[in-house]
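Letters A, B, ... are given to chains in the order of the sequence lines, protein chains preceding strands, and every chain is numbered from 1.
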Amino acid sequence: MRDAYKVLDEITDRDVVVYTSMITRYVQSGDCLVHEAFDVARNMQREGLDPNRVTLVSLLQAAALLQALKEGRMIHGYAIRRGIGCSEEVFETSLMDMYIKCGDPRTAASLFGTIYKRTVGSWNALIAGHLQMGQPLEALQVISIMMRESIRPDLITLANGILCCADLKILQIGKSIHGYIIQSGIQLDHVATTALVDMYSKCNNLVQARILFDRMEKRDVTSYNVMMAGYLQNEFACEAVEAFIEMVGADIKPNVGSILSLLSALSDLKDVRRGKCALGYVIRHELDMNNEISNQFINMYAKCGCVAYARQVFSRIRYRDLLSWTSMMKGYVYHGNADEAVNLFHMMKSEKLEHDSVALISLLQALSQLGCLSLAKEVHSHLYRVHMERETPVINSLITIYAKCGMLDMARNLFEHMTYRCLTSWNSIIAAYGMHGHGIDALKLFERMKRVSVEPDEITFTSILTACSHSGMVEEGLQVYRSMTEEYCIVPREEHYNCMIDLFSRAGRLEEAFDLVKCVPSRQRACALVALLAACRVYGNMEMGEEIGRLILDLEPESSSAYALVSNLFAEGGKWDEVARIRAMVTNRGLKMTAGYSRIELR
DNA sequence: TTAGGGTTAG
């Protein structure tokens, strides 16, 4: 390239064409030499030569590559003054492209209207502009208008269409675009195939995504990252890790995105061992341990129960951003160390960092654990000062904290005055009534929610069933349970079984409860068994109680509370030999019995 | 062409 420049120097009679070809070459050379294009243009002007349309198109491309909006605007202004390229498709499309890549898609969209004869290129630029503005639906509409005007889309149009469908999770249109590509014999390229993999996995069609991924001739970091993200979105963390291993095995160097997805998968799997390996990998391969990656390490360690490691990573970050603070706070909340989370919030404020609604949510969760009503009220009034009173997730957290602190009226009031109620808002208020033993009100809210066409999810049912169980509403609970499985086709999870077992147990229907326990996978059975054991004591069914007691001890031989429960049961039945035997087991295993406590602030 | 902290239950 430099040699070519020397050649130019040697040409004594330089004209616009020579200069323009130099500029074009610099633009095509790649990122590091692009800025030289502007130098050549300046030299050209110094020699009194005026750039022509081709020169300006190349310079616009340079501005787009360098995201140099200022230079791009200057070129645009120059073109207007000299009347170059106005209403010409190629020139206007280059202008649109420049504005979009420089982050000003609005100007690009307004330029579209001035083009006299539009070609696919100009339509594509408009579509790209909408996509960049985060308007995938508008982009799709442009594609359909374009098709109606009988303009044949090219692969770029179609790939952008696929991206829109991925964003909007519209499988049907995505599939029809894929079908159109096959029918019209357009050869799929690497970028379009990657977009298809992304679209199918975002639309939960992982099988099709993997088929396309496997058919790719050459896979790169991006295609692997897309596949990993697909697995993660569909809760296949194990497969995401395998894809990462496969990528490294194929000698493809992971980038920041790959590491972020890997850490996300490992935190889902709670696999701290491989999490530590990931840290080793980042250090060995001198990957930039930037905030993005550090924050994700904090999340991973916290999710795996290693809050101390998370704190170490947090402490080593030189310039902590909002995400670092919130991730660490969330880690503490997750492990019930709410005091430390509140401390962190204060430390963050003392470092003059502005919080956002997400940080406030973590703070509210911590305050909720501490039963700290006064501070929650402070947060509530603060929301109005900073105009966050309409932020649904924060209000949902407030509903929960008010309910947990005994202020059900306040929770209801917040709920009724919300501008927008999402599914979580309904779940929160139903849970609020449930925890106060107002089963009938919870059911009424459930009916109202259905009337306004909000589809309940598994959490809604957990809350409703808990509410029924706390209010002793066995028949209603059974009806809700049936509607969950039959009407809403929700497969009951462990928590639903536990609710039902609790419901039967409290009502003294011990046999039915015991039958249901058998549906829970044995590893997760302990919780249900404890509830049933308590019921056996209340209803004096010592025979079943003893059987359950033995089952609990088999399942949790290291849990001191399990021994306490079983020993109490035998004590009540006067079986002092058994009591002594269990006490001896506790001593032999070196376990200690600890007393429980609860904490709440008085109003 | 990809990727990051969000509310609810138990």
Enquirer: Only one of A/Gln369, A/Arg311, A/Glu340, A/Gln365 passes side chain to side chain donor-acceptor pair (under 3.5 Å) with A/Tyr332; say which it is.
Expert: A/Arg311
Enquirer: Contacts to DNA chain B from residues 438-446 of chain A, heavy-atom cutoff under 4.0 Å, which residues?
Expert: none
Enquirer: What is the ring orientation for A/Phe461 with A/Tyr488, classed by angle as parallel under 30°, tilted 30 to 60°, or perpendicular over 60°?
Expert: tilted
Enquirer: Could you note down all residue pairs passing salt bridge (charged side-chain N to carboxylate O under 4.0 Å, His left out) where residues 214-240 of chain A supplies at least one of them, sequence neighbours left out?
Expert: A/Arg210-A/Asp214
Enquirer: Please name all residues satisfying ring-ring contact (aromatic ring centres under 6.0 Å, His included) with A/Phe236, sequence neighbours left out, ordered by chain then number.
Expert: none
Enquirer: Is there a residue in residues 301-320 of chain A whose heavy atoms reach under 4.0 Å of DNA chain B, and which residues are they?
Expert: none
Enquirer: Enumerate the residue pairs fulfilling ring pair (Phe, Tyr, Trp, His ring centres under 6.0 Å) with a member in residues 202-223 of chain A, sequence neighbours excluded, ordered by first and then second residue.
Expert: A/Phe213-A/Tyr224
Enquirer: Return a single string for nucleotides 4-10 of chain B, one symbol per nucleotide in 5' to 3' order, where B is base contact, S is sugar-phosphate-only contact and - is none, cutoff 4.0 angstrom on heavy atoms.
Expert: BBBBBBB
Enquirer: Apply side chain to side chain donor-acceptor pair (under 3.5 Å) to A/Asp251 and list each qualifying residue two or more places apart in sequence or on a separate chain.
Expert: none
Enquirer: Is any NZ, NE, NH1 or NH2 atom of the basic residue among A/Lys349 and A/Glu354 found under 4.0 Å from an Asp or Glu carboxylate oxygen of the other?
Expert: yes
Enquirer: Which of residues 192-206 of chain A sit near DNA chain B, with a heavy atom under 4.0 Å from it?
Expert: A/Thr194, A/Asp198, A/Lys202
Enquirer: Starting from P on B/dA3, measure out to CG on A/Leu163 and report it in whole angstrom.
Expert: 10 Å
Enquirer: Measure across A/Ala265 and A/Val241 and return the closest heavy-atom pair with its distance rounded to 0.1 Å.
Expert: CB-CG2, 3.8 Å
Enquirer: Mind checking what makes ring-ring contact (aromatic ring centres under 6.0 Å, His included) contact with A/His190, not counting sequence neighbours?
Expert: none
Enquirer: By side chain to side chain donor-acceptor pair (under 3.5 Å), which residues pair with A/Glu416, not counting sequence neighbours?
Expert: A/Arg412, A/Arg448
Enquirer: Taking side-chain hydrogen bond (donor to acceptor under 3.5 Å, both in side chains) as the cut-off, I'd like each qualifying pair that reaches into residues 257-267 of chain A, sequence neighbours left out, listed once.
Expert: A/Asn225-A/Ser258, A/Asn255-A/Ser258
Enquirer: Just need the stems in DNA chain B: three or more back-to-back Watson-Crick or G-U pairs, each with both distances under 3.5 angstrom, sorted by first number.
Expert: none
Enquirer: Measure CD1/A/Ile259 against C1'/B/dT2 and give the value in whole Å, please.
Expert: 14 Å
Enquirer: Rounded to the nearest 0.5 Å, what's the gap from CG on A/Leu212 to CE on A/Met227? Could you check?
Expert: 9.5 Å
Enquirer: Under 4.0 Å between a Lys/Arg side-chain N and an Asp/Glu carboxylate O for A/Glu447 and A/Lys444?
Expert: no
Enquirer: Would you verify whether the NZ or CZ of A/Arg421 falls within 45 degrees of the ring axis of A/Phe415 while also being under 6.0 Å from that six-membered ring's centre?
Expert: yes
